[in-house]
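Values reported hereafter were calculated over all heavy atoms of this structure, with side chains retained and with hydrogens, waters and symmetry mates removed. A note on names: the letters A, B, ... follow the listed sequences, proteins ahead of strands, and every chain is numbered from 1.
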Amino acid sequence: MKNKFLLFVSLPVFLAASLSFAQNTSLQKVSFLPHWVPQAQFAGYYVAYEKGIYRKYGLDVTIVPGGPDVQVERMLKEGTVDFASMWLASAIKENEGTPKLVNIAQVTPKSALMLIAKKSSGIKTPQDINNKKVGLWEGIFKIQPLAFFKKYNLEVKIVPQSYSINLFLRDGVDVASVMWYNEYHAILNAGYESDELNTFFYSDYGLNLPEDGVYVLKDFFEKNPQLCRAFVKASLEGWLYAFKHPEEAVDIILKYMKAAHIPANRDHQNWMLARMKDLMMDERSGEPAWRLSESDYGAVTNLLKESGLVTSVSDYKDFYKDCL
Amino acid sequence: MKKYTSIAFKLTFYILLSCSVLFLGIFWYNYLFSKKIITQKIEDDAKHLTYATVNAIDSVLLRIEKIPKGVASFLENDPFDKDEILHMIYGAVRDNPEIYSMTVAFEPYAFDKDLLYFAPYCSRKKEKLELEYQGSASYRYFNLDWYQIPKELEVPVWSEPYFDEILMATYSVPFYTNVDGARKLTGVVSVDVSLRWLQEIISSLRIEKSGYGFLVSKNGVFVTHPQNDLIMDESIFSKADEADDKDLRVIGTNMVRGKTGLVSRTSLFGSKNSWLSYAPLSSSGWSLGIVFPQSELLFDINRLSRMVLVLGILGFIFLFAILFFIAISITRPIKILAATTRDIGKGKLDFDLSAIKSRDEVGMLAESFVYMRDSLKKYIRELTETTAASERMQSELQIAHDIQQGIIPKTFPPFPDRPEADLYAILEPAKEVGGDFYDFFFIDDERLCFVIGDVSGKGVPAAIFMAVTKTMIKAMVKKEDKPEEILSRLNKEVVQNNDSSMFVTIFCGILNIKTAEVSYSNAGHMFPLLVHSGGKVELLEGDTGIAVGASKEAEYKNSRMRLGPQDILLMYTDGITEAFNKNQELFGSARLRETISAASQKPIKDMVIEISCKVAEFCDGVPQSDDITLLALKYFGNERRREEPSVEKRIILKSKSFEMQKFKETVRAFTKACRVCDKATNEILLVLEEALVNIQAYAYADQNEHEIEVCLFATETEFTARLIDDGRPFDPSRMPEPDINATLKERKVGGLGIYFVNKFMDKIEHERKGDKNILTLKKRL
């Protein structure tokens, strides 16, 4: 009797232990670095982690916190992280010389970078920007604006812009750089109505640069193609889940943001997630494509070369690896 | 029974209704007005509190502003000295506990052409004040808000609040120097200020239970709020968007744009109706909002109103009870009195009103009722006694009437074995008993004495006198007496014992039936009328003495005359001639003569009856005022013819107007004259009336006037009435007998008449002759 009881109890316990052990050993540990602080811009990855999607694909993912002080390219190159997200233009610039990075997924095909002005400033058309103070972010964020000014023959006073919108709000600059999914809404949340603002989307002016993408080291990809595919597929599934369950996705994001002491509110994250969805959807298929087309790659590299940011670029085939 | 609404109900209902309306009106007005007053006061208090708080905060912030402004000003005017600068910074932080840290940051190479960054910085992060140098590759302050914004705006600015270990804000003042004649930005002096004291000021604002204060930055971000999770994360706009509250967005916009206001709205936090009072800080442009919960602030007045309402309702219940009680105290006695009145109507006078004890008007009424009852009882008792006495009297009078009638000769014909003469007489007293009399008797074989008299006055005294007188006459007549001797002797007797001063007019006569000679004397009476067989009527003549009993010295003369065969002596009293009708006309002797003349051919019974009926007809319902007496004496001599009195009376009536009363009087006179008893007379009258009404109701198809002929016959044994009308054929004997057990309503009109006719008449015959109905009714006497 006693023996039977022991057997009865111990059996399921043993099974569970072995199962988890088996699971544990079958998961591959990888790390992922988003190129900014936790926010809905990276919702899909956090959701994939929280909902066990990565685990389903056999991945034990650690999401490393990013931020203004974190240099994504360096960490990827040094192998501190396995996967990282960054802008296409950044990656192309990084690959100047000896290409080290490969793009395994082009997350947002549409650029979210834009210029914004208060209607009260009277700036309505690109021409109105002439001789005005324009706030610009450094680095790759300058590519589109400079091309824009060149295109419209504008003389502007460039003011280096920090990560806050306060300079713009206080009328320290006439025009500011904002991301459609982030700073634009922050301005709304500071008391401005959308009809009080005039916007200039670069993608409307023929200056669309695909932005977020997932990158790995070339060697890493060649050594672990399956892993890369798994990561891309799982991440995409995470994003799809997030779009389908936006409230739950925002809950997850807010949890991470609060843990990182980042000012966060639901309203802003709701907006961000919704805009990410808009940006991610392929116009033709109505679904995220997550592929980099050769033509897009060509257009981008051409623009970068014209701007003088890069001189040489790698081939499309070497640069992009389809992992879907 | 009419439907009655109780007074208690009416009183209570209408008074309470009016009171309710009034009370509610006053209450509502009071509530609204009080609420308005209090609301106004609350709004004023709200504004004051907001201003006071704003001023408290501003006073601190403005004081803080002076420090970097002072340093900046110094730097603008005096050359830079590193030690001085460090000294200033250190001193400022040390001496001002609100200042957390301070720095003077220079433009690139502005302090030292070799130094890109120069930003000495003193903070109290650690316990001891520390001086450091900010500015490095990892801290490029040129692009940071606290530096960049004042630089670009060229004015001192307060930064947005931020978290750096604690909640802080930075106040930055740009300073300039003249370089080559142009004013150039040299650097920015800035102080970092802990906002904990600000949080404490605002969180210490307590308004009732759930009121609170909050502060938003220029961007609308919550700097302090009772809900900690909002601080620095949410802005008033993000909250407004989350709740899809457009009004809140507008309020937020007003607040961040430095407006002042007071609005009433449903608070996002707690969904209560609240006032929000907001005003800007003049120093940093942040905005203070204070939420005043309406329900709590109005709690007292609402509670008061509720209490008043409850008291009002209680008062109403009380009022209702009182009203009802009072109303009942009035209506209950009234109901008792109403029931009692019905009892009185039914004749029950033994009611008890002791249940009514109220000492008010109703009590007075009850008292009056009791008084009335007692009076009624007394009155009824007296009336009963009087009526009993009266009835006793009446029955005695009736007996007296019978006795009186018994005294005078009533049998006709009186002397069947003496064919030479015949008499017929009637005597109708005005009341039960009267003073008229007549008498006739044979003194001896050949001589017939006859008298007629009229005592002065009416009623019992006259009747007694009449009885005495009549009896005396017969008693004292001797064989050889002459009429005047009779009267004389009578007078002496009567005068002697005449205390009551009554007198009597008498006509006395003696007929010798062998010689037809009449010897007569008159004591104040009317002379008889002599009716010849041809119809001529003449008045007997002679001297008349004074009425008997009037004077001791009365003298009476004798007169003589001779009767022819068939002559009639008609004696009467003045009741005949002085009978009057409605128009005060007298029947008169002329009419009497006419009547007599018209009936001269008839037997004396017919004549007497005819006269009696004619008088009744003439009087037309006016009650008989004096006794009526008629005595007829007919002399036949040897030529006695058998006369069959055909006692008959014919009356014509108009169908539209019977003149029923007159008709009835005529019939009554006829039946009385025919010596029909009263009971039978009444029955005959009832029957005749019913029959006539029937004819009037059913016989005629048109609206014209028709004649109805009524013929009355009476023999010793039988009374016959014949009604002749020219209406539709109708046979009352064919009508069904009515159901005498049915109620009055169920019986048809006239049906009962048939019943009476059948009951009281012994024979009913109906005949249709030509276009006439002949209804014959016979009654056995």
Pair count under 4.5 Å, heavy atoms only, with chain A: among Glu242(B), Met232(B), Arg249(B), highest is Arg249(B)

Under 4.5 Å to a heavy atom of chain B? For Gln269(A) that would be neither

Per-residue tally against chain B (heavy atom, under 4.5 Å) across Ile262(A), Val173(A), Leu188(A), Asn270(A) peaks at Leu188(A)

Take a 6.0 Å sphere around OH of Tyr49(A) and say whether it holds more than 12 heavy atoms from other residues, nucleotides or ligands.
no

Problem set entry | Lys132(A), NZ: over 12 other non-hydrogen atoms inside 6.0 angstrom | yes

Looking only at heavy atoms, the pair that brings Ser162(A) and Asn143(B) closest together is CB-O, 2.8 Å

Is a donor on one side and an acceptor on the other found under 3.5 Å between the side chain of Asp267(A) and the backbone of Lys239(B)?
no

Applying a strict 4.5 Å limit to non-hydrogen atoms, the region of Arg140(B) in contact with chain A is neither

Margin query: Does Glu247(A) have more than 12 heavy atoms from other residues, nucleotides or ligands lying within 6.0 Å of its CD?
Written below: no

**Request:** Inspect the surroundings of CD in Gln127(A) and state if more than 12 heavy atoms from other residues, nucleotides or ligands are less than 6.0 Å away.
**Result:** yes

Any side-chain heavy atom of Ser159(B) within less than 4.5 Å of one from Asn166(A)?
-> no

Whatever's closer than 4.5 Å to a heavy atom in chain B on Tyr163(A) counts as neither

key: Atom NZ of Lys184(B) with >12 non-hydrogen neighbours under 6.0 angstrom   = no

Inspect the surroundings of NZ in Lys150(A) and state if more than 12 heavy atoms from other residues, nucleotides or ligands are less than 6.0 Å away. no

Honestly, the part of Ile187(A) sitting under 4.5 Å from a heavy atom of chain B is neither

Salt bridge (charged side-chain N to carboxylate O under 4.0 Å, His left out) test vs Arg170(A) passes for just one of Glu160(B), Glu154(B), Glu152(B), namely Glu160(B)

When the 4.5 angstrom heavy-atom criterion is applied to Leu167(A) and chain B, the contacting part is both

Q: Decide if atom NZ of Lys118(A) counts as having more than 12 heavy atoms of other residues, nucleotides or ligands within a radius under 6.0 Å.
A: yes

Q. Taking everything shown except Arg196(B) itself, do over 12 heavy atoms lie less than 6.0 Å from its CZ?
A. no

- Query: Between Asn265(A) and Asp233(B), is there a donor-acceptor pair closer than 3.5 Å when you use the side chain of the first and the backbone of the second?
  - Reply: yes

Looking only at Arg266(A), Glu193(A), His261(A), the option with the highest number of non-hydrogen pairs under 4.5 Å against chain B is Glu193(A)

Rounding to 0.5 Å, atoms CG (Asn219(B)) and OG (Ser164(A)) come to a distance of 8.5 Å

Ala190(A) and Val256(B) have their tightest heavy-atom pair at O-CG2, 4.4 Å

Pair count under 4.5 Å, heavy atoms only, with chain B: among Gln161(A), His268(A), Lys133(A), highest is Lys133(A)

